[in-house]
Amino acid sequence: MSEQAVNVREIIVKIVMEVEKSKSHQQFVIKNTLEQYDYLDTQHKAFIKRASEGTLERLIQLDYVIDQFSKVKTAKMEPFIRALMRMSTYQILFMKAVPDSAAVNEAVKLCNRFRFGNLKGFVNAVLRNISRNKAELKWPEKNDIGGEEYYLSVMYSMPLWICKMWLETYGFEKTEKILKFFYKPRPTIIRIDERLSQEQKDDLVKQISEANDGTVSIKKHGLLPYAYEMVGTDNIRYLPGFKEGLWVVQDPSSMLVSEIAELEKNQTVVDVCAAPGGKALHAALKMDNTGKVIARDISMNKCKKISENVRRVKASNVIVEQYDATVFDESMVGKVDVLYCDLPCSGLGIIGRKPDIKYNLSPSDLDDMAAIQKQILKTVWTYVKPGGYMMYSTCTVNKSENEEMVKWIVENLHMYPVDITNLVPEKLSHIPTLVDGYLQLLPGEYGTDGFFISKFVRE
């Protein structure tokens with residue numbers, strides 16, 4: 001099929017419909033679609049990516065606008081028309097390079113193409129009305145009847161219940177900062193092998209910055225000396241040092257787990273829910289390939305990906321096993337120096353990277369997640385040697401999975417919090433909860449994802 005025969009807006013509508021229908025991760029759907037149309041030029045693929053990601057990220061805000069001008073509310077529209085209206089409205093409101101007339105006209109053409117010709121007058125009228133009035137749109141105010149939570153929900157396309165939960169916990173200012181951070185472009189953050197000398201790191205950084213005709217920008221992250229952030233990357237697999245295993249992609253918040261664990265050579269570390277494997281690989285490096293790191297996950301596909309990275313970074317002390325963390329392993333009892341429990345969670349801290357999380361969650365899911373975490377913890381805590389440590393962590397911002405879980409661990413397991421004040425970077429050392437053995441990083445607060453880390457010792 002030639003590029004001329006492909007309608008890029010049709011592709012975007014199909015992506016939006018697929019994500020809504022199947023509840024699939026939008027990153028997965030967009031990635032697969034772009035691979036299918038890999039023969040398109042870079043500009044077309046960039047347009048598909050930007051418009052589909054943007055539309056899916058701002059569904060609540062887009063529906064709010066459309067519903068102001070349409071007698072038929074978005075919730076009552078045919079799935080195709082709803083996806084078409086959302087995509088077109090996103091272009092009108094947020095894509096300055098796209099003429100409003102083009103967004104409207106192409107939407108009308110797609111009505112005919114998908115046999116919705118009887119609705120092209122409706123689509124044309126509503127979209128033109130939005131275009132004419134976009135400068136005078138009526139947005140919610142913080143002091144309106146819906147209050148702060150409704151204002152935040154619409155302006156940042158965040159479900160009302162999440163806004164309410166965070167407002168109660170963090171107040172308006174912190175909550176809005178979190179929501180703003182989710183819309184900021186995120187760099188790719190990597191962990192360079194910390195065993196390299198500074199000269200070797202500088203040389204590697206220079207090579208990366210010169211790759212792809214100098215389009216890659218790389219600089220230190222600032223929280224940890226081996227964390228670097230990159231922008232302008234296309235396919236990271238082709239960047240210097242990747243194939244050789246000199247660096248891996250990992251958020252600094254996740255890197256902190258192995259910093260706080262304070263690992264020593266020749267220890268035994270078990271990561272009970274290891275995917276995608278960053279923490280297990282970091283633990284292996286911290287022990288300089290001595291001892292043993294057992295990286296477990298319930299998914300065979302995820303285990304295969306962990307194994308690929310193990311081979312790439314030449315982590316000879318890592319053993320990858322497919323294993324269900326809820327199933328008790330008697331052979332492990334009392335044999336583990338440090339147990340990593342980065343457990344399945346709601347993922348509220350990484351919405352900026354995976355926006356579909358916010359639409360696929362419900363309040364009851366948070367309770368379900370906490371129950372699963374407790375089930376795993378009750379199963380695995382005895383693996384830790386007396387005097388050994390357990391690292392509990394999540395990538396969420398939710399008290400029932402974090403602070404309240406710390407209390408539950410202390411009350412129900414023979415585990416006690418460890419003061420971690422001297423184990424974190426100086427930038428974080430003022431945080432009062434470190435004395436109590438835990439750290440909650442809010443999204444964007446230190447240029448990281450939202451993340452929770454706690455450390456316990458077995459009596």
Side-chain angles (χ1 to χ4, degrees), residues 162 165-182 184 186-187 189 191 194 220-229 250-263 278-279 282-283 286 338-343 345-353 366 370 373 377 389-411 413 415-457:
I162 297 178
M165 179 177 70
W166 284 348
L167 280 170
E168 289 173 355
T169 306
Y170 301 112
F172 179 81
E173 188 178 336
K174 275 192 176 181
T175 300
E176 188 169 35
K177 278 184 179 179
I178 292 171
L179 299 179
K180 281 182 177 177
F181 177 72
F182 287 150
K184 290 181 179 177
R186 298 297 306 280
I189 303 179
R191 171 173 54 77
E194 57 201 86
K220 282 189 175 182
H221 179 271
L223 196 59
L224 292 163
Y226 45 80
Y228 288 76
E229 53 186 60
Q250 189 179 11
D251 194 77
S253 57
S254 174
M255 299 178 200
L256 284 172
V257 172
S258 290
E259 282 291 324
I260 295 170
E262 208 175 14
L263 301 171
K279 284 179 286 299
H282 197 189
K286 284 287 188 185
V338 183
L339 185 71
Y340 280 16
C341 297
D342 189 73
L343 303 188
C345 71
S346 56
L348 293 172
I350 55 172
I351 287 175
R353 298 189 188 277
L366 302 190
Q373 290 163 6
L377 289 167
Y389 297 98
M390 181 176 79
M391 303 298 301
Y392 172 79
S393 59
T394 69
C395 57
T396 194
V397 184
N398 166 35
K399 283 197 167 186
S400 67
E401 297 173 86
N402 295 338
E403 291 93 334
E404 289 175 18
M405 193 61 68
V406 169
K407 293 179 184 177
W408 182 88
I409 289 170
V410 172
E411 291 170 0
L413 311 177
M415 292 280 180
Y416 299 95
V418 176
D419 183 349
I420 58 174
T421 306
N422 296 324
L423 303 177
V424 300
E426 191 176 344
K427 280 186 178 180
L428 307 178
S429 59
H430 66 283
I431 297 174
T433 61
L434 299 174
V435 177
D436 301 316
Y438 69 88
L439 167 66
Q440 172 71 75
L441 293 171
L442 299 182
E445 199 172 16
Y446 296 94
T448 73
D449 291 332
F451 208 80
F452 183 86
I453 306 170
S454 53
K455 184 176 184 178
F456 301 88
V457 62

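Predicted model, so just to flag it, every value in this text is computed and none were measured.
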Expected output: side-chain S429 to main-chain E426 donor-acceptor under 3.5 Å: yes
Side chains of C345 and C395 in contact at under 4.5 Å (non-hydrogen atoms): yes
P425 to L256 - nearest heavy-atom pair and separation: CD-CD2, 3.5 Å
Salt bridge flag under 4.0 Å for residues E229 and R186: no
Student check: side-chain heavy atoms of V410 and F456 closer than 4.5 Å: yes
Criterion side-chain contact (heavy atoms from CB on, under 4.5 Å) against E259, the qualifying member of L423, V424, L223, L224: L224
Approximate separation, where rounding is to 0.5 Å, of I431 CD1 and D436 CG: 12.5 Å
F452 side, atom CZ; L439 side, atom CG - distance, nearest 0.5 Å: 8.0 Å
Sidechain-backbone polar pair: T175 side chain, Y170 backbone, donor-acceptor under 3.5 Å: no
P225 to K220 - nearest heavy-atom pair and separation: O-CE, 4.2 Å
4.5 Å side-chain heavy-atom contact, F451 and V257: yes
Any N402 side-chain heavy atom under 4.5 Å of Y438 side chain: no
Residue pair L377 / M415, side-chain heavy-atom distance below 4.5 Å: no
Atom pair CD (E445) and NZ (K427), whose distance is rounded to the nearest 0.5 Å: 12.5 Å
For the student: nearest non-hydrogen atoms of G349 and F182, plus distance: O-CE2, 4.1 Å
Verdict with supporting geometry, L413 and W408, side-chain contact (heavy atoms from CB on, under 4.5 Å): CA-CA 8 Å; L413 311 177; W408 182 88; 4.1 Å; yes
Backbone N/O of D449 and side chain of D251: donor-acceptor pair under 3.5 Å: yes
Distance-only donor-acceptor check, side chains T433 and Q440, under 3.5 Å: no
From CA spacing to verdict: side-chain contact (heavy atoms from CB on, under 4.5 Å), I409, M390: CA-CA 11 Å; I409 289 170; M390 181 176 79; 4.0 Å; yes
OH/Y389: more than 12 non-hydrogen atoms of other groups inside 6.0 Å: no
Inter-residue atom distance I178.CD1 - E176.CD, 0.5 Å rounding: 11.0 Å
Test item: side-chain donor near acceptor, H282 and E194, under 3.5 Å: yes
side-chain contact (heavy atoms from CB on, under 4.5 Å) between M405 and L343, worked out: CA-CA 12 Å; M405 193 61 68; L343 303 188; over 6 Å; no
Distance-minimising heavy-atom pair for D419 and L434: OD1-O, 3.4 Å
Nearest-0.5 Å distance that lies between atom OG1 in T421 and atom NE2 in H430: 11.5 Å
Inter-residue atom distance I453.CD1 - I260.CD1, 0.5 Å rounding: 4.0 Å
Under 3.5 Å donor-acceptor, H221 side chain and T448 backbone: no
Shortest non-hydrogen contact between G447 and I189, atoms and distance: O-CD1, 4.1 Å
Expected output: side-chain K455 to main-chain I420 donor-acceptor under 3.5 Å: no
S258 side chain to Y340 side chain, donor-acceptor N/O pair below 3.5 angstrom: yes
Contacts of type side chain to side chain donor-acceptor pair (under 3.5 Å), residue Q250, not counting sequence neighbours: R191, S254
Least distance between heavy atoms, A261 atom then M391 atom: CA-SD, 3.9 Å
